[in-house]
2 protein chains.
Amino acid sequence: MKQIERAAEIAAEWAATDPKTRATVITGVADALDAAGPSLIEIADAETRLGTKRLTGELARTTFQLRLLAAESGSYYDVRIDRADPSWPPGPRPELRRYRTAVGPVLVFAASNFPFAFSVAGGDTASAWVAGCPVVVKAHPGHPELSRRTASVVVEALGRWGALLGLVEGEAAGVAALRHPAIAAAAFTGSVAGGLALARIAAERPVPIPFHGELGSVNPVVVLPGAARSRAEELAAGYAGSLTLGNGQFCTNPGLVFVPSDSPFVELVAERLREVAAAPFLNDRIASGFQTGAARLAAIPWMREVVRGPGAQLLEVALEDFVPEAAEECFGPLGVVVRYSRLSDVLPVLAALPGQLTTTVHALPEEASEVEALRPVLADRSGRILWGGWPTGVAVTAAMQHGGPFPATTSPASTSVGTAAVERFLRPVSYQDWPSHLLPEPLRDDNPWDVPQHFS
Amino acid sequence: MKQIERAAEIAAEWAATDPKTRATVITGVADALDAAGPSLIEIADAETRLGTKRLTGELARTTFQLRLLAAESGSYYDVRIDRADPSWPPGPRPELRRYRTAVGPVLVFAASNFPFAFSVAGGDTASAWVAGCPVVVKAHPGHPELSRRTASVVVEALGRWGALLGLVEGEAAGVAALRHPAIAAAAFTGSVAGGLALARIAAERPVPIPFHGELGSVNPVVVLPGAARSRAEELAAGYAGSLTLGNGQFCTNPGLVFVPSDSPFVELVAERLREVAAAPFLNDRIASGFQTGAARLAAIPWMREVVRGPGAQLLEVALEDFVPEAAEECFGPLGVVVRYSRLSDVLPVLAALPGQLTTTVHALPEEASEVEALRPVLADRSGRILWGGWPTGVAVTAAMQHGGPFPATTSPASTSVGTAAVERFLRPVSYQDWPSHLLPEPLRDDNPWDVPQHFS
């Protein structure tokens with residue numbers, strides 16, 4: 001595949017660029033995308049029905065993300081230098097200099113629901129570039145024209161580094177790319193079924209490669225009795241808003257909420273959800289997937305349909321009737337409420353859930369002891385734990401963790417959002433007893449790129 | 001399995017210990033092993049034939065390793081704190097606090113060739129404990145009595161934390177443990193065939209887990225023409241020593257060396273290897289595996305047998321006759337020398353090798369430009385690159401990288417030796433907008449454990 005061969009040809013040179021050059025090139029891409037914004041947003045709106053307001057915000061987030069990551073392009077080397085020590089206790093130790101370097105060309109599978117932020121020039125592409133890796137993107141069929149147009153803006157902005165972005169289209173081409181020997185790692189955002197199938201292909205290659213898949217999640221929310229009593233109105237409003245934001249098409253959509261049996265929460269949420277107007281789905285496949293998923297959930301024994309409105313659905317079930325199938329993701333504006341009598345009965349149910357991107361607690365300050373019992377269970381089951389908020393909205397920052405135990409992700413030790421996302425595409429190499437002037441720049445005594453060096 | 005259930009029961013409590021407690025417990029294990037040294041070494045010598053001198057050194061390395069890692073037990077949290085920022089460019093950002101926490105119970109497959117350092121209380125066990133994870137060790141059948149006795153010393157030293165170490169024996173028990181739902185990660189040191197079979201089992205679990213396998217390597221050495229001319233004697237002595245150290249039973253044994261055609265290197269090495277006395281293999285399986293492997297290599301077309309001595313074997317082949325099979329590991333004191341006429345012809349052969357733990361360059365200062373062409377190829381193919389030394393000997397330090405591209409390891413982004421080995425058993429979790437007093441200690445404002453916190 002030509003795109004991959006071009007990426008492989010440029011890989012060593014890009015991996016060896018100094019951080020300033022790398023930052024300048026990546027920032028140039030952000031500038032070009034901003035300049036092309038109006039025309040890109042028009043195409044995006046036609047293909048995704050997401051509306052120009054949301055798309056304008058998403059493009060701004062995308063170019064901010066490129067600039068934020070580019071600004072950190074010198075800090076990922078994790079340089080460690082051991083001075084030679086003839087008296088090192090278990091035997092003389094040599095001089096060792098370790099840093100992290102680019103893994104090689106990265107394959108990115110774009111998502112449907114963020115045509116900018118998780119697509120051609122999204123977070124996966126940005127973090128791979130910053131790590132020093134060229135990228136080949138498998139375009140999402142939900143926005144083909146936008147993918148081509150974005151790629152063309154990017155490649156033009158890349159100039160002589162144009163081979164840092166390749167685009168392939170179609171399922172067969174995506175699978176062939178994943179099997180290509182020059183691809184060194186892959187990143188994916190999408191469904192559990194699709195992600196697991198690709199993860200298996202990555203693992204079964206003659207040379208297996210890391211597959212960083214961000215799959216699915218129902219993002220459980222637990223409302224404690226005190227909060228349910230005294231803040232029912234506010235929580236109902238917040239929940240209805242988060243559940244229906246973007247027509248529920250976010251991987252952090254709060255699809256499962258545990259509330260006390262005696263709380264008016266369900267009725268208050270229901271009032272709001274009935275008023276929600278129908279909103280378009282990203283595409284017909286997602287729309288029909290939502291209908292199938294909603295019907296499957298509604299058919300679970302003892303599940304009660306509370307709202308079946310034009311723009312949102314709400315189901316409820318008692319904790320004692322809860323079955324694992326009730327925690328399966330239904331991508332769209334549908335929530336399942338689980339009513340509990342005793343919080344202690346909720347803990348084992350939470351502990352048995354599959355891995356989640358997020359979990360959320362709503363509690364009053366005086367419910368601290370209940371929260372202390374809950375926290376380790378939630379930490380074991382998710383990558384981000386919210387207090388008193390709603391999980392939709394994923395900030396691009398240093399401390400963001402957008403990942404979680406399997407099957408929320410296929411690589412729970414990594415994040416796909418935030419500056420730590422770069423770490424997915426690096427591999428450590430140690431140099432033993434090398435003359436300083438023959439070392440890669442980050443390891444040299446004169447530290448020409450001025451990167452952080454840790455001595456021991 | 002009782003051992004795993006006990007580990008699972010104690011996992012949350014151990015993960016929540018403060019670094020000082022953790023360090024005290026682990027250091028206590030090191031002290032107990034040192035105290036039991038003489039009796040352990042006696043058992044080890046009877047089971048492995050490695051000799052008391054080597055075993056005494058290895059035990060010292062093992063207890064040093066426990067203490068070195070224990071001393072770092074507060075530094076792995078990688079705490080990142082984002083202050084809330086309502087004016088964050090792409091939208092207001094919440095407060096986020098991210099750290100790395102223990103993944104859960106770890107299964108360690110012990111190696112045959114280091115009955116202390118890569119066995120019951122070896123580097124994998126030490127790094128898992130430091131990360132906050134209980135360990136279940138699958139004992140190596142090469143030293144069963146030593147494994148039991150070591151485990152008993154360790155468990156006694158652990159006291160109330162005794163469940164931090166469990167021992168299972170036998171292949172079936174090892175596989176059952178790897179499939180146990182409570183096991184969260186596995187580490188392995190051993191053969192390519194064994195490691196790949198276990199890696200597949202780990203990947204095919206209902207919930208796949210990370211499998212950190214350190215498999216095999218022939219650790220290519222490249223001697224440049226200038227060094228071969230002016231330092232032939234010294235290089236031959238160094239090579240013969242490294243090749244036969246420990247009867248060649250090290251994963252970093254230099255099994256493949258590229259030398260100029262006109263160098264006297266081969267003859268000088270041969271003289272020395274003929275004098276090497278027979279040394280015992282670790283066990284009969286390894287001894288017969290060595291015979292089979294040596295015969296397989298000798299049967300490769302155009303391969304010439306240079307030495308077939310009692311304690312070492314040497315084969316040679318011209319670069320133009322080199323085939324990939326000549327780079328297959330033969331665990332024991334056997335070297336394959338590849339004679340080249342032009343260094344530029346060596347580069348594509350090196351580039352096509354499977355991933356290696358180490359590569360080594362011998363060159364004169366004036367051969368810098370040749371080294372500059374060689375370095376990226378070696379960096380792409382290995383985890384540690386030596387200048388002017390020999391790869392046997394792996395220092396336990398901060399900058400050690402004992403790993404490499406597949407199939408040298410199944411997880412090239414990690415190391416199994418050195419302080420960075422702890423990172424294999426950690427997973428990041430972010431807390432969003434939590435009241436400080438309800439957070440895990442490393443994330444609190446008052447930082448009660450005094451761990452490094454990075455703010456942004």
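Sequence lines set the chain letters: A, B, ... in the order given, protein chains first and strands last, and positions in each chain run from 1.
- Checked by atom type, the side-chain pair A:T252/A:N219 shows no donor-acceptor distance below 3.5 Å.
- Contacts from residues 405-418 of chain A to chain B, taken as heavy-atom pairs separated by less than 4.5 Å, involve A:P405, A:F406, A:P412, A:A413, A:T415 in sequence order.
- Contacts from residues 93-103 of chain B to chain A, taken as heavy-atom pairs separated by less than 4.5 Å, involve B:R93, B:P94, B:L96, B:R97, B:R98 in sequence order.
- Contacts between B:T397 and chain A at a heavy-atom distance below 4.5 Å involve backbone atoms as well as side-chain atoms.
- Contact count against chain B (heavy-atom pairs under 4.5 Å) is highest for A:P435 among A:P435, A:G388, A:S456, A:A12.
- When heavy atoms are compared at a cutoff of 4.5 Å, B:L386 approaches chain A by way of both its backbone and its side chain.
- Remark: the backbone N or O of A:A379 is not paired with any side-chain donor or acceptor of A:S382 at under 3.5 angstrom.
- Applying the salt bridge (Lys or Arg N to Asp or Glu O under 4.0 Å) rule to pairs touching residues 405-423 of chain B yields A:R80-B:E423, sequence neighbours excluded.
- For A:P440, the parts lying under 4.5 angstrom from a heavy atom of chain B are both the backbone and the side chain.
- Using a 4.5 Å cut-off between heavy atoms, A:F64 contacts chain B through its side chain alone, with no backbone atom that close.
- Neither the backbone nor the side chain of B:I209 comes within less than 4.5 Å of any heavy atom of chain A.
- Contact annotation for residues 360-377 of chain A against chain B (heavy-atom separation below 4.5 Å, listed by residue number): A:V361, A:A368, A:V371, A:E372, A:R375.
- Checked for salt-bridge contact, A:D34 and A:R67 meet the test: a charged N lies under 4.0 Å from a carboxylate O.
- Using a 4.5 Å cut-off between heavy atoms, B:P206 touches chain A through its backbone atoms (N, CA, C, O) alone.
- For chain A, no part of B:A184 is nearby; none of its heavy atoms comes within less than 4.5 Å.
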